[in-house]
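Each remark here refers to the structure printed beneath this line.
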There are 2 protein chains.
Amino acid sequence: MLKEKASIIPHECGDCPIRHRAVCARCEADELEVLDQIKYYRSYESGQTLIWSGDHMDFVGSVVSGIATLTQTMEDGRTQMVGLLLPSDFVGRPGRNSAAYDVVAVTDMVMCCFRKKPFEEMMARTPHIAQRLLEMTLDELDAAREWMLVLGRKTAREKIASLMAIIARRDATLNMNGTRGPLVFDLPLTREAMADYLGLTLETVSRQVSALKKDGVIELEGKRRVTVPDFNRLLEEAGDDSDGGMLI
Amino acid sequence: MLKEKASIIPHECGDCPIRHRAVCARCEADELEVLDQIKYYRSYESGQTLIWSGDHMDFVGSVVSGIATLTQTMEDGRTQMVGLLLPSDFVGRPGRNSAAYDVVAVTDMVMCCFRKKPFEEMMARTPHIAQRLLEMTLDELDAAREWMLVLGRKTAREKIASLMAIIARRDATLNMNGTRGPLVFDLPLTREAMADYLGLTLETVSRQVSALKKDGVIELEGKRRVTVPDFNRLLEEAGDDSDGGMLI
DNA sequence: GACCCGCATTGATTTAAATCAACCAACCCT
DNA sequence: AGGGTTGGTTGATTTAAATCAATGCGGGTC
């Protein structure tokens, strides 16, 4: 494996890369100082399961770097991804102490964690945290509902196009790329993980990716690097209005 | 139609039927008094569209009685229900002023509304409201994610069983029925609305309902009244663990 | 009573995606 | 260089659900 040991840089909150997007985004300097006291970093390797569904959870936290998936599994092994955790996303639910989903790292990750008890107390005293968490949760709810439309009503090809569009958009906002010109990004997921996200089999994913490539909607360099020459074309293929998406 | 005019009873918050479950659940007497000042009731008829996706929203509110659906529609008409609004559920999103979904009454309804501006101001001053709203939103997010598994991975029969289980459970908690003995409830949805919830066609819904009836999982009296002789059997058919569900 | 109308059921046929099954290509590891 | 492993592609076949198409039924109205 020869993985270089993930460099765990215990940041000052002040120069944290997710400072402006995470649950602490609204905090004032004095509030940050308190968080600084109780936070600690953990790092995980690609493939590692951070949390098992049903586990007792004694911490909550934010993704600092890397990507994880949130999945649900039925007894017979069918699995459905119900969320993708990206830098700044929040993990855990205040007021509940067992995990509802499996959380699995798909890349090496660093998390900024808080023991649940102190965090909950802090939240009760700090409206800025609760406000930001509400806002983030509402956004996640919207994302989940958008995904319900994908899962319930879209064809396999539309599902793949929708996933590409979401990743492309997310990537563009994270890296502050403009939306002019072709978009290039790396798929963070294996074909199997894509299948679990989309409610498909991995064979169908593979076929539809090939089909989109053949039709010139996307270009592939290796299996993971994707170029989207025309984002509106991709949105059309996803079955979305070719305008609504560009906000924020 | 000859509908008797829905009796709009402007309540005191004190004896409101959803007092203990809605967004105001945590409010103290003095806070309730303020809400009392700014609230107003609206009633809607079955079939009426309360809100169109994209509409400007100048109010938020709680469902007092009746049921509504939250749906998303694609340009070509495919629709997916993304939520079911029951008494005490909250409508609208503070901090956003256009609606993301269509909201349609499936029965006659009464809503307790607040103009958005005053409500947002009140929320900023009243942590009890924000706290409760966060809790409710987290619950909705869990429900949406559970539904993602249903949509993405379950068979048509399992989908129908899952829907029956959800309605049965919800009905049992609303009416404080114990869970012993057979459950009886009315389906609030037409076959088409069920199809929109489940990502199926109405024909498939009809067939699978008939199949569950033939196999003795459910009994039907007319098209809407359902009896579940053995709830655990229903949960098995839904592909759920036959235990996890009975909480709260 | 006869006629709709909106909802629901049931049957015949088609089709999109799942399943079953080879095979490929990187990459790693001795 | 050889063999294993992981992730991906591609093809043949099956199947669950969609689609196309009648038909049923209860409740209101003329």
Side-chain angles (χ1 to χ4, degrees), chain A residues 1-4 45-47 69 74 76-80 104 106-107 150-163 186-214 218 220-226 237 239, chain B residues 1-4 45-47 74 76-80 104 106-107 150-163 186-215 218 220-226 237 239:
Chain A
M1 261 296 172
L2 258 191
K3 264 187 212 312
E4 63 191 300
E45 295 194 354
S46 171
T69 61
M74 296 170 66
D76 63 6
R78 281 177 283 177
T79 78
Q80 175 65 50
V104 181
V106 296
T107 66
V150 172
L151 290 172
R153 291 300 183 193
K154 291 194 178 179
T155 65
R157 165 183 269 245
E158 289 170 334
K159 285 178 173 182
I160 299 289
S162 299
L163 179 60
D186 283 311
L187 289 174
L189 304 174
T190 65
R191 298 290 187 263
E192 186 177 21
M194 291 171 65
D196 284 344
Y197 205 174
L198 296 166
L200 297 171
T201 58
L202 68 90
E203 293 96 326
T204 298
V205 170
S206 186
R207 276 184 248 274
Q208 297 298 335
V209 170
S210 298
L212 287 176
K213 176 175 148 193
K214 183 166 67 64
I218 59 173
L220 281 180
E221 191 186 322
K223 289 144 194 328
R224 294 298 193 89
R225 169 139 303 201
V226 178
E237 291 288 353
Chain B
M1 261 294 172
L2 259 190
K3 264 185 210 314
E4 61 191 300
E45 294 195 355
S46 172
M74 296 170 68
D76 62 6
R78 282 176 282 177
T79 78
Q80 175 65 49
V104 182
V106 296
T107 66
V150 172
L151 290 172
R153 291 301 185 193
K154 291 194 178 180
T155 64
R157 167 184 269 243
E158 288 170 335
K159 285 178 173 182
I160 300 288
S162 298
L163 180 61
D186 282 313
L187 289 174
L189 303 175
T190 65
R191 296 291 186 262
E192 186 176 22
M194 290 171 67
D196 283 344
Y197 205 175
L198 297 167
L200 297 171
T201 59
L202 69 89
E203 293 96 326
T204 299
V205 170
S206 186
R207 276 184 248 275
Q208 296 299 335
V209 169
S210 298
L212 287 176
K213 176 174 147 193
K214 184 166 68 63
D215 297 345
I218 58 173
L220 282 180
E221 193 186 321
K223 288 146 196 324
R224 295 300 193 87
R225 169 139 303 201
V226 178
E237 291 288 354

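Remember, predicted model here, so these are calculated numbers, not experimental data. Only heavy atoms go into these numbers, but all of them, side chains included; no hydrogens, no water, no symmetry mates.
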Quiz prompt | Exercise: identify the closest heavy-atom pair between I218(A) and V209(A) | solution =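 In this case the closest contact between I218(A) and V209(A) is CD1-O, 4.0 Å.
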
Quiz prompt | Shortest non-hydrogen separation from A156(B) to Q208(B) and the atoms involved | solution =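 Distance-wise, the nearest heavy atoms are CB-CG, 3.8 Å.
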
Quiz item: Rounding to a whole Å, what distance do you find between D196(B):CG and dA18(D):C1'?
Solution: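 Taking CG of D196(B) and C1' of dA18(D), I get 14 Å after rounding.
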
Quiz item: Partners of R225(A) by side chain to side chain donor-acceptor pair (under 3.5 Å), sequence neighbours excluded?
Solution: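 Listed in chain order: D186(A).
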
Exercise. Could I get the full list of side chain to side chain donor-acceptor pair (under 3.5 Å) partners for S210(B), not counting sequence neighbours?
Key: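 With neighbours one apart ignored, the set is empty.
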
Quiz item: Reading nucleotides 4-9 of chain C 5' to 3', which nucleotides get B (base under 4.0 Å from a protein heavy atom), which S (sugar-phosphate only), which -?
Solution: ----SB

Dump the pairs, protein N or O against N or O of nucleotides 13-17 of chain D, anything under 3.5 Å, distances to one decimal.
| unit_1 | atom_1 | unit_2 | atom_2 | d |
| --- | --- | --- | --- | --- |
| dA17(D) | OP1 | A156(B) | N | 2.7 |

Practice problem: Just grab all the salt bridge (charged side-chain N to carboxylate O under 4.0 Å, His left out) pairs involving residues 187-208 of chain B, residues at least two apart or on different chains. | Solution: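 Every salt bridge (charged side-chain N to carboxylate O under 4.0 Å, His left out) pair that includes a residue of residues 187-208 of chain B, provided the two are not neighbours, is R153(A)-D196(B).
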
Quiz item: Counting N and O atoms only, with roles assigned by atom type, does the side chain of S206(A) sit under 3.5 Å from a partner on the main chain of L202(A), one being a donor and the other an acceptor?
Solution: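 Looks like no, no N/O pair under 3.5 Å.
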
Quiz item: Counting distance only, does the side-chain N/O of E221(B) pair as donor-acceptor with the main-chain N or O of V226(B) below 3.5 Å?
Solution: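 The answer is no, because no donor-acceptor pair under 3.5 Å joins these two groups.
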
Practice problem: For T107(A), enumerate each residue passing the side-chain contact (heavy atoms from CB on, under 4.5 Å) test, keeping only those at least two apart in sequence or located in another chain. | Solution: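 So T107(A) forms a side-chain contact (heavy atoms from CB on, under 4.5 Å) with I67(A), M109(A).
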
